[in-house]
Protein chains: 2
Amino acid sequence: MVIDQAMRVVETEGIDKLSMRRVAEQLGASPMSLYRHVASKKELLGALAEEVMADLRPPGGDRSPRARVLAALEHAREAMSRHPWLLPVLLAQDPPPVRRPWLTEHVLDALLEAGLDESAAVCAYRSLWQYVTGHLLNAGREDAWRERAASAHTSDELATELEPFPVLRHALPRLASLDVHEQFTAGLEAQLDGFLATAERA
Amino acid sequence: MVIDQAMRVVETEGIDKLSMRRVAEQLGASPMSLYRHVASKKELLGALAEEVMADLRPPGGDRSPRARVLAALEHAREAMSRHPWLLPVLLAQDPPPVRRPWLTEHVLDALLEAGLDESAAVCAYRSLWQYVTGHLLNAGREDAWRERAASAHTSDELATELEPFPVLRHALPRLASLDVHEQFTAGLEAQLDGFLATAERA
DNA sequence: CAGGGATGCGTACGGTGTACACCATGTCCG
DNA sequence: CGGACATGGTGTACACCGTACGCATCCCTG
């Protein structure tokens with residue numbers, strides 16, 4: 001019940017409005033009463049994260065291993081991008097909770113089927129996961145970047161600031177018009193294909 | 001002076017011991033006096049981040065473009081891993097500060113020289129950067145994961161918890177013995193080579 | 001019925017960022 | 001010289017936060 005209400009708060013008011021007092025208030029209870037159900041706020045957050053991760057089951061299908069990896073990670077990205085608070089919370093939890101690792105299982109399996117040996121598969125999985133998380137964490141700011149880039153044309157101040165960086169300045173419009181989702185799949189495919197290629201060579 | 005002292009606090013006591021009151025105290029001043037020099041704590045953190053980023057100049061050299069990209073990003077990883085607070089702070093800043101983008105300039109330049117067209121280079125740069133940040137954010141927890149993985153042999157509870165995930169369970173020892181730095185360069189090279197390969201095909 | 005554990009809650013402590021009003025000092029201009 | 005004004009410092013106060021501690025109340029069992 002507590003975590004349900006907490007989830008509701010997070011979803012409606014955002015993660016930084018989540019406080020013990022807020023949850024208790026909406027529950028018509030006193031702040032301290034929550035501690036009968038939850039050891040600490042950190043644990044509460046962990047429970048929230050686990051709840052979301054629990055139904056992070058990659059889509060099935062009888063596609064090629066490569067396609068399965070791409071689909072699984074794209075699915076994960078999409079799901080996690082709908083809960084922007086999730087990733088920071090997960091990263092703040094130590095030790096990392098065992099979170100029904102469907103994704104890991106699925107991707108590892110596909111990588112092995114694609115011909116990677118076990119240690120290469122593990123390495124590749126971690127790399128791909130890191131890429132996905134990195135993308136998610138940066139993606140929120142892309143809009144701000146875009147504005148910044150767009151204003152480079154008009155703002156003299158920014159123009160002179162970028163004076164020592166000719167390549168960047170010239171490429172700035174491209175950066176502004178970059179489609180976030182396209183860029184995600186491009187990077188994902190590049191990395192995966194890189195791994196598959198080195199596996200092939202061995 | 002304020003930011004210098006703040007930097008000192010962060011370096012010696014960690015980022016979460018940084019508070020206006022703490023800095024003021026060490027400066028022998030009152031908390032509110034800081035606000036004459038800094039608009040808010042957020043701005044203070046931004047200034048700290050910028051200070052570190054300012055001397056994030058990738059190493060030069062007359063190597064191949066590929067080697068230059070790798071060296072630049074490895075340099076960035078190494079530098080940022082020495083300041084674990086940096087990346088979270090950067091990601092919390094909106095809008096992202098213009099932070100003397102030596103790295104961007106350097107990598108973009110190398111990518112263009114490697115034969116990518118401008119929009120591909122921009123896309124690749126963002127992907128690579130996202131990978132680096134993702135790696136850094138996850139890397140701190142690797143030790144905890146390693147412990148967790150190591151305890152899988154002994155702990156029955158974890159063993160039964162992993163029962164529905166045979167592939168993962170079998171691969172767990174590999175995960176535990178993964179060298180973080182090797183994994184970083186492997187993923188980096190895979191992604192970069194993937195981008196270079198698709199550029200070649202075009 | 002007596003006792004005891006589970007559960008809820010009120011109070012309080014120590015911490016945070018910062019709005020606001022006030023004061024000290026120096027600098028410049030009429 | 002006298003007063004305006006900018007610059008920096010301070011003390012108080014507010015609105016929060018997480019949570020340690022101890023007391024009150026309930027139900028369940030012996």
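The analysis underlying the following values was restricted to heavy atoms, covering all of them including side chains, and did not include hydrogens, waters or symmetry mates. In what follows, chains are A, B, ... by sequence order, proteins preceding strands, each numbered from 1.
Residue His37(B) places no side-chain N or O under 4.0 Å from the OP1 or OP2 atom of dT7(D). Contact annotation: Ser33(B) does not reach the phosphate of dG8(D) (side-chain N/O to OP1 or OP2, under 4.0 Å).
Here the C1' atom of nucleotide dG18(D) and the CG atom of Leu44(A) are 12 Å apart, to the nearest Å. If you take CG of Asp16(A) and P of dC17(D), they are 11 Å apart, rounded to a whole angstrom. Atom CE of Met32(A) is separated from atom C1' of dC23(D) by 13 Å (rounded to the nearest Å). A straight line from NZ of Lys17(A) to P of dC16(D) spans 8 Å, rounded to a whole angstrom. Atom P of nucleotide dT7(D) and atom CZ of Arg36(B) are separated by 10 Å, given to the nearest angstrom.
Classification of Glu113(B) and Arg68(B) as a salt-bridged pair holds, one side-chain N sitting under 4.0 Å from a carboxylate O. Using a cut-off of 4.0 Å between Lys/Arg side-chain N and Asp/Glu carboxylate O, Glu78(B) and Arg82(B) are scored as salt-bridged. Ion pairing between Glu163(A) and Arg169(A) fails under the 4.0 Å rule for side-chain N and carboxylate O. With respect to Glu25(B) and Arg22(B), a salt bridge is recorded, a charged nitrogen being found less than 4.0 Å from a carboxylate O.
Summarising the local packing, NE2 of His170(B) is surrounded by 12 or fewer heavy atoms from other residues, nucleotides or ligands at distances under 6.0 Å.
Taking the six-membered ring where tryptophan is involved, the planes of His83(A) and Trp85(A) are perpendicular, since the angle between them exceeds 60° and thus also 30°.
The two residues Leu162(A) and Pro101(B) come nearest to each other via the heavy atoms CD2-CG, 4.3 Å. Between Leu116(B) and Ala199(B), the closest heavy-atom pair is CD1-CB, 3.6 Å.
Direction of the helix axis in the helix from dC1(C)-dG30(D) to dG30(C)-dC1(D) shifts by 20° between the two five-pair termini, rounded to 10°.
Interface limits on DNA chain C: the 5'-most and 3'-most nucleotides within less than 4.0 Å of chain B heavy atoms are dT16(C) to dC20(C).
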